[in-house]
Visitor: 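Sharing a structure, written as structure tokens. Questions coming.
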Amino acid sequence: MDFYSFKNRIYEFCNKNAQEYPTDNDLKYFYNKYHITYGLIKDRSEARSMSRFIRFSTKQRLLYREQLSELGIELTPTQVNYYIYMICIILKEKYNIDT
């Protein structure tokens, strides 16, 4: 997927969830993570387990954010949402799993 297609898909999720659009830096960051994560999800079973992120409550997203922080990955709550949108894009594109 090229950058502009990725950007459009992220914007679709933002519109659907009444969320602000990511900054250019966020888009570049998550586009890079998209390619890395795409390669890490090796099979449909793993993809299905990743789909649980989509259903995270606000509290679960906060806990996930704290876990990432412990690994040295600092994301804002909004950036966690962008990460989840990125996962949704991968699941649909690679395994045709709707979220």
Side-chain angles (χ1 to χ4, degrees):
M1 173 177 292
D2 67 29
F3 177 78
Y4 294 103
S5 297
F6 178 80
K7 178 180 175 180
N8 288 335
R9 295 291 310 278
I10 290 289
Y11 281 10
E12 288 172 14
F13 279 104
C14 289
N15 289 335
K16 180 179 174 183
N17 293 291
Q19 185 170 353
E20 64 187 55
Y21 290 155
T23 65
D24 287 341
N25 285 338
D26 282 341
L27 282 169
K28 290 173 189 171
Y29 175 83
F30 288 106
Y31 183 65
N32 181 51
K33 293 296 180 196
Y34 162 85
H35 288 290
I36 294 167
T37 307
Y38 191 100
L40 292 174
I41 302 173
K42 299 289 185 194
D43 58 40
R44 183 171 284 281
S45 174
E46 196 173 335
R48 272 189 248 123
S49 72
M50 294 291 290
S51 69
R52 69 185 175 85
F53 286 108
I54 291 103
R55 294 181 297 279
F56 273 7
S57 67
T58 302
K59 184 176 180 177
Q60 289 170 309
R61 288 176 191 228
L62 176 61
L63 291 172
Y64 182 66
R65 184 174 169 237
E66 289 173 2
Q67 290 172 341
L68 289 173
S69 178
E70 291 172 4
L71 297 172
I73 302 168
E74 298 287 339
L75 297 176
T76 67
T78 302
Q79 288 171 325
V80 170
N81 290 338
Y82 300 150
Y83 176 77
I84 291 171
Y85 301 159
M86 179 199 69
I87 296 293
C88 292
I89 293 167
I90 293 169
L91 297 181
K92 178 63 176 173
E93 183 175 85
K94 191 169 184 178
Y95 295 103
N96 201 29
I97 295 174
D98 287 316
T99 54

Visitor: If every non-hydrogen atom of I84 is compared with every non-hydrogen atom of I54, which pair is closest and at what distance?
Guide: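 Closest pair (atom of I84, atom of I54, distance): CG2-CA, 3.9 Å.
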Visitor: Relative to the ring of Y31, is the ring of H35 parallel (under 30°), tilted (30 to 60°) or perpendicular (over 60°)?
Guide: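 Rings of H35 and Y31: perpendicular, over 60°.
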Visitor: Hey, could you give me the CZ/CE distance between R52 and M50, rounded to the nearest 0.5 Å?
Guide: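 These two atoms lie 8.0 Å from each other.
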Visitor: At what distance, to the nearest 0.5 angstrom, does NZ of K16 lie from SG of C88?
Guide: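 Nearest 0.5 Å value for the NZ-SG distance: 7.5 Å.
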Visitor: Taking atom types as modelled, is there a side-chain donor on Q79 or Y29 under 3.5 Å from an acceptor on the other?
Guide: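 No, no side-chain donor-acceptor contact under 3.5 Å.
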Visitor: Just by distance, do the side chain of E70 and the backbone of Q67 share a donor-acceptor pair under 3.5 Å?
Guide: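 Checking the backbone N and O of Q67 against the side chain of E70, no donor-acceptor pair under 3.5 Å is found.
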Visitor: Side chain to side chain contact (heavy atoms under 4.5 Å, CB included), that's the test. Do M1 and Y38 meet it? Break it down for me.
Guide: CA-CA 11 Å; M1 173 177 292; Y38 191 100; over 6 Å; no
Visitor: Do I89 and F13 have side chains that get closer than 4.5 Å, going by heavy atoms?
Guide: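 Yes, close enough: below the 4.5 Å cut-off.
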Visitor: With sequence neighbours excluded, tell me which residues meet salt bridge (Lys or Arg N to Asp or Glu O under 4.0 Å) with D98.
Guide: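 D98 satisfies salt bridge (Lys or Arg N to Asp or Glu O under 4.0 Å) with K92 only.
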Visitor: Rounded to the nearest 0.5 Å, what's the gap from OG1 on T37 to CD1 on I90? Could you check?
Guide: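 Rounded to the nearest 0.5 Å, the OG1-CD1 separation comes out at 5.0 Å.
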Visitor: Under the 3.5 angstrom rule, does the side chain of R44 hit a backbone N or O of Y95 as a donor-acceptor pair?
Guide: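 Pair found, side chain donor or acceptor close to backbone of Y95.
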Visitor: Does K33 make a cation-pi contact with Y83 (under 6.0 Å, within 45 degrees of the axis)?
Guide: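 Checked: cation-pi criterion not met.
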Visitor: If two hydrophobic side chains count as joined below 4.5 Å and joins carry through other members, does Y4 share a cluster with M86?
Guide: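 The answer is yes; both residues are in one hydrophobic cluster.
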Visitor: Rounded to the nearest 0.5 Å, what separates atom CZ in R61 from atom CG in L75?
Guide: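 So the CZ of R61 and the CG of L75 are separated by 12.5 Å.
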Visitor: Is the distance between the ring centroids of Y64 and F53 under 6.0 Å?
Guide: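 Yes, ring centres under 6.0 Å apart.
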Visitor: With hydrophobic residues grouped by side-chain heavy-atom distances under 4.5 Å, do F56 and L63 end up in a single group?
Guide: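 F56 does not cluster with L63.
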Visitor: Find out if a path of hydrophobic residues (ILVMFWY) with successive side-chain heavy-atom gaps under 4.5 Å connects I73 to L62.
Guide: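 No, I73 and L62 fall in different hydrophobic clusters.
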Visitor: Taking side chain as C-beta onward, heavy atoms only, is F30 less than 4.5 Å from I10?
Guide: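 Result no, sub-4.5 Å side-chain heavy-atom pair not found.
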Visitor: Which atom pair, heavy atoms only, marks the closest approach of E20 to C14?
Guide: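 Closest pair (atom of E20, atom of C14, distance): O-SG, 3.5 Å.
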Visitor: How many angstroms lie between OH in Y82 and CD in Q19, if you round to the nearest 0.5 Å?
Guide: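 Going from OH on Y82 over to CD on Q19, the span is 5.0 Å.
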Visitor: Which atoms form the tightest heavy-atom contact between E46 and L40, and what is the distance?
Guide: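 What the structure gives for the nearest pair is OE2-O, 3.0 Å.
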Visitor: How long is the gap from OG1 on T78 to OH on Y21, to the nearest 0.5 Å?
Guide: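 Those atoms lie 14.5 Å apart.
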